[in-house]
Amino acid sequence: MNCLEFKTVLQSAIETRQLPDEEGLVIHRRQCAACQHDWNEYLLLAQAVASWKESIPEVDLTDSIVSRWLLETTGPVQFASPASSSEELAIASTQHVVLAPDSRVFQRRSVDRIRARQVFWIPGGLLLLFFLLIWREPSSTERSRLLTTASNKTNGSTVEPPLPELDSLLKDVESGYWVLANSAASTVSGAADLLPMRSVGMNGRPLFWSALMPMSSGIESTHPVEDDNKPSGPFRQGFSKAVDLLLEVVPAADLPTS
Amino acid sequence: MNQDDAEVIGLCLQGDVDAMHQLVERYQSAVFGLCLRILGHREDAEDTVQDVFLRTFRNLEKWDPMRPFKPWILTIAANRCRTALEKRSRQARTIDNSMDTFNSKHSNRTSDRTDLGEELDLALARLRSDYRICFVLFYQQELSCADISQMLDCPVGTVKIWLHRARKELAEHFTRRGIVPEGHYELPRI
């Protein structure tokens, strides 16, 4: 017997749980240290398994398993109150009373109803919260109304400003607008020195007039200026100064005749 | 096919409580032994046994009466033990502490047959779960490699390799612990 045959016999003995032919193996394992080592391992494991299989403790879970199964299939178990009339009644009262399956079905329906309510109430609440937030936030319509009110005030109408903050804001915007217009007029008056005044436009007027007159007339018509205390005062002064300057600079022959 | 098992299971399906008691009494030792050896913890094993029987009752209609009942319920038990071991590993619950306690308690004792079984339990707890389940099914439940391969849904060759590796690792554990086979011991039938 060689090592391969020894291992085959040993493996077969392990798998079939049959005792190996020890007489045939003993000669080989006395000659081969590796096979002797395998034999010792096999022997040691056989002894360990034999003692290991004997050491399983006893257990009795029958009642708990069956009661749990009955509880699962038939419903919750209620304990009856102890009776005191007689010993037999006292013993009988300790028995478990199993609820009818109908009660379990009813409990399931109740749970389903609660879940259905949750399904409807949670999104409904979120939707209501969303609408509340939308209602608190000023809408674009509200903003346009406020701006229309501010515009009416600028045009001299008698509509009261809805908010004092908005009124002050409109005043700032208005003064800023007139400061900007004044600056523009000053710039035009300064630029009058540089423009060629002898150029004639299509309607017979110099190009300078054709450029300035519509601007001045437009401003005068839309923003009538009564006194110099108004924000339009500086603009008017700047514009008049520019015109006077031009009248002095431009020769009389070059002025329009009409 | 075990005709008696089929009759008892038929009664169980009809709601006979006595038949349920009978079925549990008949197989609880095998299931408990498997769970205890695989899990290595008595309370966990008892919980798993209850879970196994409840699942068995739930799926009793799926049992094929033409096949033996014991491998079927042991398959459920092995799967539940696998699940319990995975849950235990996720909870990082190691048994090293209990191992150290065991080692210090038994370090000065000489090995006899009882200690050899405890040493095997100790070594099994350190095995990979696949090797452990395979070893317990083969040596304790005395199932064949073909049955184990069907239960664990893996090839027979894989089962043989797992068994071989399990034996090797257990033998190495015994060698490290200085345990040698008794010369006068009569070779048991395993």
Side-chain angles (χ1 to χ4, degrees), chain A residues 7-26 29-30 33-75 77 95-96 98 101, chain B residues 12 15 17-18 20-25 28-33 36-37 42 45-46 49-54 56-58 112-121 123-124 135 138-140 142 144-145 160 163-164 167-168 170-172 174-175 179-183 185-190:
Chain A
K7 289 182 187 301
T8 304
V9 171
L10 196 59
Q11 184 66 26
S12 174
I14 290 170
E15 290 180 5
T16 59
R17 300 186 185 89
Q18 297 292 326
L19 287 173
D21 184 9
E22 197 176 358
E23 296 297 329
L25 299 175
V26 73
R29 61 185 167 89
R30 280 177 183 169
C35 291
Q36 178 65 41
H37 179 71
D38 289 346
W39 174 258
N40 287 340
E41 283 186 352
Y42 167 76
L43 195 61
L44 180 60
L45 206 56
Q47 294 170 7
V49 168
S51 62
W52 174 70
K53 286 174 70 175
E54 294 172 357
S55 60
I56 296 178
E58 292 293 326
V59 67
D60 187 9
L61 301 169
T62 310
D63 290 336
S64 62
I65 290 170
V66 174
S67 62
R68 279 184 65 180
W69 172 244
L70 292 176
L71 180 70
E72 183 177 317
T73 53
T74 58
V77 176
Q95 301 297 319
H96 296 174
V98 180
Chain B
C12 288
V17 178
D18 292 336
M20 293 176 190
H21 276 91
Q22 195 176 345
L23 191 67
V24 174
E25 285 171 358
Q28 68 176 349
S29 295
V31 174
F32 177 71
L36 182 64
R37 293 307 185 200
R42 184 181 177 110
E46 289 179 356
V49 168
Q50 296 192 33
D51 191 20
V52 167
F53 275 100
L54 289 178
T56 302
F57 284 137
R58 280 184 210 128
D112 53 14
R113 286 197 64 183
T114 306
D115 288 339
L116 207 54
E118 292 175 355
E119 284 288 344
L120 186 56
D121 263 336
L124 273 176
F135 185 89
F138 184 81
Y139 282 104
Q140 194 199 36
E142 297 185 351
S144 66
C145 291
K160 289 183 179 178
L163 273 176
H164 177 73
R167 280 195 298 266
K168 278 292 178 189
L170 293 174
E172 287 173 4
F174 288 141
T175 304
I179 301 170
V180 294
E182 300 174 22
Y185 181 70
E186 185 179 352
L187 189 65
R189 179 186 177 274
I190 60 173

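All chains are named by letter (A, B, ...) in the order of the sequence lines, taking the proteins before the strands, and each is independently numbered beginning at 1.
In this structure, chain B has heavy atoms under 4.5 Å from both the backbone and the side chain of A/Val59. Contact annotation for B/Leu124: only side-chain heavy atoms (C-beta onward) come within less than 4.5 Å of a heavy atom of chain A. Only the side chain of A/Asp38 comes within less than 4.5 Å of a heavy atom in chain B; its backbone stays farther off. Using a 4.5 Å cut-off between heavy atoms, B/Leu54 contacts chain A through both its backbone and its side chain. With a 4.5 Å cut-off on non-hydrogen atoms, B/Phe57 touches chain A through its backbone and its side chain both.
Considering only heavy-atom pairs separated by less than 4.5 Å from chain A, the leading option among B/Phe174, B/Phe138, B/Phe53 is B/Phe138. The most heavy-atom pairs under 4.5 Å with chain A, out of B/Arg58, B/Gln140, B/Lys168, come from B/Arg58. Interface remark: of the candidates B/His164, B/Glu46, B/Gln22, B/Glu46 forms the most heavy-atom pairs closer than 4.5 Å to chain A.
Annotation: the span from A/Ser67 atom OG to B/Gln50 atom CD amounts to 8.0 Å, rounded to 0.5 Å. If you take OG on B/Ser29 and CD on A/Glu58, they are separated by 5.5 Å, rounding to the nearest 0.5 Å.
Within the 4.5 Å cutoff, no side-chain heavy atoms of B/His21 are placed close to those of A/Ile65. Residues A/Leu44 and B/Leu170 fail the side-chain proximity criterion, which asks for heavy atoms closer than 4.5 Å. Side-chain contact between A/Val49 and B/Leu120: present, with at least one pair of heavy atoms (C-beta onward) separated by less than 4.5 Å.
No donor-acceptor distance shorter than 3.5 angstrom exists from the side chain of B/Glu25 to the backbone of A/Thr62, with no hydrogens or angles considered.
Across all their heavy atoms, B/Gly117 and A/Ser51 have their closest contact at N-OG, 3.1 Å.
Salt bridge absent: A/Glu41 and B/Arg167 never bring a charged side-chain N and a carboxylate O closer than 4.0 Å.
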